[in-house]
Colleague: 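I have a structure I would like to understand better, so I am pasting it below and will then ask my questions one at a time.
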Number of protein chains: 2
Amino acid sequence: MDVASRIELALDAAILEAEGMGAPPRLAAAMRYAVFPGGARVRPRLTIAVAKALGDDAPGLADAAAASIELLHCASLVHDDLPCFDDAATRRAKPSVHKAYGEPLAVLAGDGLIVLAFETLARAAILRPERLGSLVRIVSRAVGMPMGIIAGQAWECEPAADLREYHRAKTGALFAGATMAGAAAAGADPSAWGTLGEKLGEAYQVADDLRDVASSAEEIGKPVGRDAALGRSSAARELGIAGALRRLDELVDAAMASVPACPGQEELRTLIRLEGRRVLPKELAQVAA
Amino acid sequence: MDVASRIELALDAAILEAEGMGAPPRLAAAMRYAVFPGGARVRPRLTIAVAKALGDDAPGLADAAAASIELLHCASLVHDDLPCFDDAATRRAKPSVHKAYGEPLAVLAGDGLIVLAFETLARAAILRPERLGSLVRIVSRAVGMPMGIIAGQAWECEPAADLREYHRAKTGALFAGATMAGAAAAGADPSAWGTLGEKLGEAYQVADDLRDVASSAEEIGKPVGRDAALGRSSAARELGIAGALRRLDELVDAAMASVPACPGQEELRTLIRLEGRRVLPKELAQVAA
């Protein structure tokens, strides 16, 4: 089965559990709405790519790890879009969850997706119980305090934010969690795989900054120019478009170099190089080519 | 060490992890504020009571399970108090988290506490990895969809709510999770221990309804008369105070009867009987005596 299908099926299986007997129907609908149709599924593709490079001896667990990472990403989008944060009216080219279902259900949908992420890991680990502890620790570190994406979002509430810390937590942490979870799901030592995720997370952030200044709203499905409007730092504004493109190349090179020795090392490096181009908005990909 | 100290120390250890290097200080403070000083810690006391009745062969894991349950309870209080739900200005006799820290940090504090609950389990299970899967499944079922406390809160957003389902999810689920987690932490089959938690959860709900109609706001540290104001169902209003007291007695008896055979069966039953009185507001405890 191709990677995209594995991810969508694993996410669907997780959401089906949440929709089980006795579920309040509107919250169940809001959770499904928050997850489908998805965005690029960058993080879970990374999880499965790492598991495959390592032999993928427990594909069900790799799929669950990928789904868990994506459920947490979706949860963070739902909560970040709330009126008290970005107050975003659209996400993935449709109304944001709180616009479609109201604020109470958006808060609960985010909460429910966080819990579902951990439940999904525990369910899939029944056949590989010795791998669960590592997976839960990786995922919670990527998301929670002191350095995960929740901490990253909280830096927006501090009077003086360390911008490096902010970006590392806000984006890098879940990317590092994605690669490390792929390794842990495949029974490998995850610690060697964190750098790959961190570099790709930084690359993705630069690409996102470039999209924010260079794309049309239709192409990315959410409002553009938000970073400037919200006073956020942006590599594209700090380095210029050409400088940011160079930075992106450096980060993709560093990511490729960081891939530890493993059966699928070369294939994974190729994938990373292609991905580095794919995340750019169309116009910039042509400029960079 | 007495049970109360075990719980406070386990909660402090968990929050200390969240406050670690790199943490955004205001979110760290909001999370600690949400957990300390605590309420009656009814649920974690139940977790440890069950573990003790079963021999408590892994006290560190029982403490972590108790802390996990209480962190999730605190998270639900923080989110339930938000302006889009109860809009509560006070909680545990001090300003609610969003009044003290603002709405964005209240959302993130709840999110962070949910993640921390799972991380706490995984950390403590390093010495007993074979017990982690069961604990994560119990805890996520108690909290998430389709039947946990998040589902319970979501019934308030449905046009037609099944009141039995609502109460079972909103209160009973986390109590059942508390007793089952105590059993799983002590290496016992948790399935025999769910009824005890369910009955006690129902009893606690009846006692809460009685407090809501009979107590002063000073005694319970939050506004009273909220159930009527919010159009919620209430055993005290449906059965009258005398009828609700009888119902409470029946539930406590059923809870005592449900305790499975185990080394500490008698001691646990005695504890439950005392607890059944302790949860009543002062004036009613005198009436009932």
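Letters A, B, ... are given to chains in the order of the sequence lines, protein chains preceding strands, and every chain is numbered from 1.
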Colleague: Provide the closest heavy-atom pair for A106(A) versus V78(A) in the form atom of the first, atom of the second, distance.
Modeller: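 Closest approach of A106(A) to V78(A), heavy atoms only: O-CG1, 3.3 Å.
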Colleague: Would a 4.5 Å heavy-atom cut-off, applied to side chains only, mark F175(A) and L196(A) as touching?
Modeller: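 No, side chains not in contact.
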Colleague: Are there donor-acceptor atom pairs under 3.5 Å between chain A and chain B, and if so which?
Modeller:
{"from": "R26(A)", "atom 1": "N", "to": "E158(B)", "atom 2": "OE2", "distance (Å)": "2.6"}
{"from": "R26(A)", "atom 1": "NH1", "to": "C157(B)", "atom 2": "O", "distance (Å)": "3.0"}
{"from": "H79(A)", "atom 1": "ND1", "to": "D111(B)", "atom 2": "OD1", "distance (Å)": "3.2"}
{"from": "H79(A)", "atom 1": "ND1", "to": "D111(B)", "atom 2": "OD2", "distance (Å)": "2.7"}
{"from": "D111(A)", "atom 1": "OD1", "to": "H79(B)", "atom 2": "ND1", "distance (Å)": "3.2"}
{"from": "D111(A)", "atom 1": "OD2", "to": "H79(B)", "atom 2": "ND1", "distance (Å)": "2.7"}
{"from": "A122(A)", "atom 1": "O", "to": "R137(B)", "atom 2": "NH1", "distance (Å)": "3.2"}
{"from": "R137(A)", "atom 1": "NH1", "to": "A122(B)", "atom 2": "O", "distance (Å)": "3.2"}
{"from": "C157(A)", "atom 1": "O", "to": "R26(B)", "atom 2": "NH1", "distance (Å)": "3.0"}
{"from": "E158(A)", "atom 1": "OE2", "to": "R26(B)", "atom 2": "N", "distance (Å)": "2.6"}

Colleague: Heavy-atom distance under 4.5 Å to chain B: side chain of P159(A), backbone, both or neither?
Modeller: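 Only the side chain of P159(A) comes within 4.5 Å of chain B.
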Colleague: Identify the two heavy atoms, one from A154(B) and one from L105(A), that lie closest to each other, and give their separation to 0.1 Å.
Modeller: CB-CD2, 4.2 Å
Colleague: Check whether any side-chain heavy atom of F118(A) sits under 4.5 Å from a side-chain heavy atom of I114(B), and report yes or no.
Modeller: no
Colleague: Sorted by first residue and then second, give each ring-ring contact (aromatic ring centres under 6.0 Å, His included) pair with at least one member in residues 124-154 of chain B; sequence neighbours left out.
Modeller: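 Passing the test, one end in residues 124-154 of chain B: no pairs.
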Colleague: Please state whether the side chain, the backbone, both or neither of A28(B) comes within less than 4.5 Å of a heavy atom of chain A.
Modeller: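 Both parts, backbone and side chain.
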Colleague: Do you know which of P146(A), A75(A), A122(A) has the most heavy-atom pairs with chain B at a distance under 4.5 angstrom?
Modeller: P146(A)
Colleague: Do you know the tightest heavy-atom contact between A185(A) and A58(A)?
Modeller: O-CB, 4.0 Å
Colleague: Could you have a look at G22(A), G102(A), P129(A) and say which one has the most heavy-atom pairs with chain B under 4.5 angstrom?
Modeller: G22(A)
Colleague: M31(A) versus chain B, heavy atoms under 4.5 Å apart: side chain, backbone, both or neither?
Modeller: side chain
Colleague: When only pairs under 4.5 Å are counted, which of L113(A), V136(A), L108(A) shares the most heavy-atom pairs with chain B?
Modeller: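 Most heavy-atom pairs within the cutoff with chain B belong to L108(A).
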Colleague: Between V143(A), L121(A), I126(A), V139(A), who has the most heavy-atom pairs with chain B when the cutoff is under 4.5 Å?
Modeller: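 Top count of heavy-atom pairs under 4.5 Å with chain B: I126(A).
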Colleague: Where on A151(A) is there a heavy atom nearer than 4.5 Å to chain B: the side chain, the backbone, both, or neither?
Modeller: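 Interface part for A151(A): both.
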Colleague: Give the minimum heavy-atom separation between A66(A) and P44(A), together with the two atoms involved.
Modeller: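 For A66(A) and P44(A), the tightest heavy-atom pair comes out as O-CB, 3.4 Å.
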Colleague: State, to 0.1 Å, how close L54(A) and A188(A) come at their nearest heavy-atom pair, and which atoms those are.
Modeller: CD1-CB, 3.7 Å
Colleague: First locate atom CG of L132(B), then atom CG of L61(B), and finally report the distance between them rounded to the nearest 0.5 Å.
Modeller: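 That separation rounds to 8.0 Å.
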Colleague: Hey, which of A117(B), P25(B), G110(B), G133(B) has the most heavy atom pairs under 4.5 Å with chain A?
Modeller: P25(B)
Colleague: If you count heavy-atom pairs within less than 4.5 Å of chain B, which of L135(A), L27(A), L116(A) leads?
Modeller: L27(A)
Colleague: If we define contacts as heavy-atom pairs under 4.5 Å, which of G20(B), A23(B), P104(B) has the most with chain A?
Modeller: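 Going by pairs under 4.5 Å, I would pick P104(B).
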Colleague: With a 4.5 angstrom heavy-atom cut-off, which part of L82(A) approaches chain B: side chain, backbone, both or neither?
Modeller: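 Side chain of L82(A) only, per the 4.5 Å heavy-atom cut-off to chain B.
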Colleague: Check each atom of I150(B) against the heavy atoms of chain A and say whether the ones under 4.5 Å are side chain, backbone, both or neither.
Modeller: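 Contact with chain A: backbone and side chain both.
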Colleague: Minimum heavy-atom separation for G177(A) and A142(A), please, with both atom names.
Modeller: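 Closest pair (atom of G177(A), atom of A142(A), distance): CA-CB, 3.9 Å.
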Colleague: With chain A as the partner, which of A30(B), A18(B), G112(B), G144(B) has the greatest number of non-hydrogen pairs under 4.5 Å?
Modeller: A18(B)
Colleague: Find the distance between CD1 (I15(B)) and CG (L71(B)) and round it off to the nearest 0.5 Å.
Modeller: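 Interatomic distance, I15(B) CD1 to L71(B) CG, rounded to 0.5 Å: 6.0 Å.
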